[in-house]
Amino acid sequence: LSRRSLLVGGAAGTAALGAGTWAIARGLDSAQQPTADPVPQTYAEQTVPFHGTHQPGVTTLPAQAHATFVALDLRDGVDRAQAVRMLRLLTDNTSRLMAGHRPLASEDVELAARPARLTVTVGFGAGLFDAAGLGRHCPVVVRHFPSFATDRLQPAWSGGDVVLQVCSDEPTTVSFATRWLVRDARPFAKVRWAQRGFTQARGTEQDGTTMRNVMGMRDGSANPSPQTGLDDAVWNTGPGWLTGGSMLVLRRIAIDVEAWDDFGREGRQLAIGRTLDAGAPLTGGAEHDAIDPTKTDQHGLPVLQPSAHAVRAQARSPAERMLRRGYNYDDGPGPDGRPQSGLLFAAYQADAETAFIPVQHRLATLDALNLWTTHIGSVAVAVPPGCPPGEYLGQGLLDG
Ligand code: HEM
């Protein structure tokens with residue numbers, strides 16, 4: 001029933017209505033009566049601007065509910081001119097899709113018309129620099145990403161010359177955008193891996209509520225916010241072509257959720273250093289307050305375990321700060337009936353050398369969460385700055 005048929009009445013309309021509904025509909029005076037069927041208010045039409053100083057999808061918060069990460073490997077023989085053509089296509093497709101328009105080669109206006117805050121974020125691995133003859137401009141940490149004692153990395157989830165992060169509150173849109181981006185990149189590159197993730201569906205919590213991971217914890221509580229130095233933490237300040245860009249480290253971390261399910265709540269909270277319900281520090285305060293690793297109880301014993309994840313991960317200098325923008329993954333039960341889920345740990349930072357690397361070295365040495373978590377995939381990429389109108393993504397590097 002449309003709102004109009006409800007107001008105008010008619011046999012079919014009235015028969016289908018409860019008496020109360022009908023009374024409410026009739027109670028509208030003429031000034032309140034809509035002149036046309038009202039358009040439902042949805043998140044579908046919401047857009048994020050593409051052009052700007054920085055790429056979208058980094059400080060686009062709250063993080064959209066769905067994400068697909070795709071790693072591409074350039075085909076043999078792709079040179080700088082071809083890499084530029086690929087990036088021009090990628091830029092054109094992205095700017096159209098994010099605005100709710102179809103890519104040039106697509107006829108699907110309907111699928112494109114529901115961007116739901118679609119963002120596409122592009123990062124470059126060492127292979128892109130080398131193909132373009134610009135190897136010397138690749139950050140050392142991207143080319144020589146170290147390994148860690150607890151790594152169990154699988155090639156199927158690791159590496160890549162170009163990484164795309166496609167996020168939207170609408171999963172069909174993520175699917176549509178990803179397929180066109182990859183389709184137009186295919187003459188130049190082949191897919192190395194793709195990974196899909198999710199956070200809470202938009203509307204199920206107040207916007208801005210920290211997501212819960214598959215372990216049930218609020219994950220992201222201590223993240224830098226615009227009020228606490230977000231820009232300084234994520235945007236590279238140069239010198240060089242990466243100024244205004246960032247670095248993305250994506251780790252696929254498998255979690256033994258069944259073992260976690262069987263572990264008592266008190267032990268779980270000690271393992272994190274925060275409460276499971278509100279995500280508040282065990283040392284007191286509210287969710288977004290910092291933990292206090294030095295706090296002791298009435299017996300003089302530390303409140304937090306030295307191995308608690310938050311104690312080990314807490315930044316020990318401003319340079320260690322990063323924005324964690326993680327997504328859950330769940331590939332459904334495996335053939336043995338056990339869950340195959342975990343975290344797509346995505347962290348943006350001004351410089352991974354001073355942020356992710358020292359923090360992960362600490363965690364690999366000691367972290368209570370290591371009992372349940374295993375890093376099975378890894379990629380680090382340089383995220384070029386934003387794209388002014390008329391330019392293409394990465395132009396500052398490739399034309400520089
Ligand atoms: C599956 C693996 C992981 C899970 C489930 C996890 C979960 C959490 C949780 C629940 C918190 C406390 C709430 C919050 O501040 O977000 C936290 C904090 C944090 N995690 Fe992780 N984390 C994981 C891996 C990592 C990795 C690999 C790193 C970086 C190398 C990391 C860095 C941090 C940082 C920097 C904090 C904030 C600490 C603070 O300042 O209090 N985490 N994590």
Side-chain angles (χ1 to χ4, degrees), residues 63 141 145-146 148-153 197 199 209-225 228-230 233-234 247-257 259-260 263 268-295 304-305 307-330 341-349 352-380:
V141 65
F145 200 73
F148 302 91
T150 46
D151 281 358
R152 299 292 178 270
L153 303 184
T199 67
T209 307
T210 313
M211 76 104 149
R212 279 194 194 278
N213 60 30
V214 291
M215 300 169 102
M217 318 152 166
R218 292 249 182 244
D219 196 337
S221 308
N223 260 338
S225 68
T228 62
L230 176 61
V234 298
M247 291 189 200
L248 165 66
V249 177
L250 175 69
R251 307 280 284 185
R252 185 177 181 89
I253 307 179
I255 301 176
D256 187 347
V257 277
W260 180 254
F263 199 68
R268 296 188 200 179
Q269 298 190 147
L270 287 172
I272 316 162
R274 286 178 173 263
T275 61
L276 282 165
D277 53 2
L282 293 180
T283 45
E287 188 202 342
H288 297 293
D289 291 331
I291 54 154
D292 176 4
T294 64
K295 187 162 180 175
L304 297 175
Q305 306 285 312
S307 63
H309 177 69
V311 172
R312 299 293 293 166
Q314 191 178 45
R316 299 188 179 175
S317 74
E320 281 192 5
R321 301 200 75 192
M322 64 184 93
L323 174 71
R324 289 166 292 130
R325 203 177 185 283
Y327 284 90
N328 298 312
Y329 76 84
D330 185 347
S341 63
L343 185 68
L344 303 182
F345 174 94
Y348 286 92
Q349 57 245 281
E353 186 85 61
T354 64
F356 181 88
I357 303 297
V359 175
Q360 179 55 21
H361 270 309
R362 273 206 302 278
L363 296 178
T365 311
L366 177 69
D367 174 9
L369 280 192
N370 291 344
L371 279 172
W372 301 276
T373 62
T374 310
H375 291 227
I376 58 172
S378 179
V379 66

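Ligands are counted one by one from 1 in listed order, and the atoms in each one are counted from 1 as well.
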(request) Report the relative orientation of the aromatic rings in Phe356 and Phe148; use parallel for angles under 30°, tilted for 30 to 60°, perpendicular for over 60°. (result) perpendicular

(request) Would you check if Leu323 and Gln349 make a side-chain contact, meaning some heavy-atom pair closer than 4.5 Å? (result) no

(request) Under 4.0 Å from a heavy atom of Met215: give me the atoms of ligand 1 that qualify, with their elements. (result) 5 (C)

(request) Could you tell me whether Asp219 approaches ligand 1 through its side chain, its backbone, both or neither, with non-hydrogen atoms closer than 4.0 Å? (result) both

(message) If we set the cut-off at 4.0 Å for heavy atoms, which region of Gln314 has an atom near ligand 1: side chain, backbone, both, or neither?
(response) both

(request) With side-chain contact (heavy atoms from CB on, under 4.5 Å) as the test, would you mind laying out the steps for Met217 and Trp260 before giving the verdict? (result) CA-CA 11 Å; Met217 318 152 166; Trp260 180 254; 3.6 Å; yes

(message) Show the atoms of ligand 1 that are less than 4.0 angstrom away from any heavy atom in Thr373.
(response) 1 (C), 2 (C)

(message) So is Gly279 touching ligand 1 or not, going by heavy atoms under 4.0 Å?
(response) no

(message) Check this for me - ligand 1, Phe356, N or O atoms closer than 3.5 angstrom, yes or no?
(response) no

(request) Name the closest protein heavy atom to atom 37 (C) of ligand 1, giving the residue it belongs to and the distance to 0.1 Å. (result) Arg324 NH2, 3.4 Å

(message) Using a 4.0 Å cutoff against the non-hydrogen atoms of Leu363, which atoms of ligand 1 qualify?
(response) 26 (C), 28 (C), 29 (C), 30 (C), 31 (C)

(message) Evaluate Asn213 for polar contact with ligand 1, using N/O atom pairs at a separation under 3.5 Å.
(response) no

(request) Tell me which part of Gln360 gets within contact of ligand 1: side chain, backbone, both or neither, using heavy atoms under 4.0 Å. (result) both

(request) Could you check if a side-chain atom of Arg312 sits within less than 4.5 angstrom of a side-chain atom of Thr365, using non-hydrogen atoms only? (result) yes

(request) Output the list of atoms in ligand 1 that are nearer than 4.0 Å to some heavy atom of Val359, sorted by atom number. (result) 29 (C), 30 (C)

(request) Please assess Glu320 against Thr354 for the test side-chain contact (heavy atoms from CB on, under 4.5 Å), listing each intermediate value before the final yes or no. (result) CA-CA 6 Å; Glu320 281 192 5; Thr354 64; over 6 Å; no

(message) Is there a side-chain contact (heavy atoms from CB on, under 4.5 Å) between Glu287 and Thr209? Walk through the geometry before answering.
(response) CA-CA 10 Å; Glu287 188 202 342; Thr209 307; 5.8 Å; no

(request) State the atoms of ligand 1, each with its element, that fall below the 4.0 Å cut-off from a heavy-atom position in Arg218. (result) 10 (C), 13 (C)

(message) In the structure I gave you, are the side-chain heavy atoms of Asp367 and Thr150 within less than 4.5 Å of one another anywhere?
(response) no

(message) So which atom in Leu230 and which in Pro224 form the shortest heavy-atom distance, rounded to 0.1 Å?
(response) CD1-O, 3.6 Å

(request) Just need the protein heavy atom nearest to atom 22 (N) of ligand 1, so name the residue and atom and give the distance. (result) His309 NE2, 2.9 Å

(request) Work out which heavy atom in Thr199 is nearest to a heavy atom in Ala63; give both atom names and the distance. (result) OG1-O, 4.3 Å

(request) Determine, for Asp289 against Arg274, whether the closest basic-nitrogen to carboxylate-oxygen distance falls under 4.0 angstrom. (result) no

(message) How far is atom 16 (O) of ligand 1 from the closest protein heavy atom, and which atom is that?
(response) Gly220 N, 2.5 Å

(message) In this structure, does ligand 1 have an atom that sits under 4.0 Å from one of the heavy atoms of Glu320?
(response) no

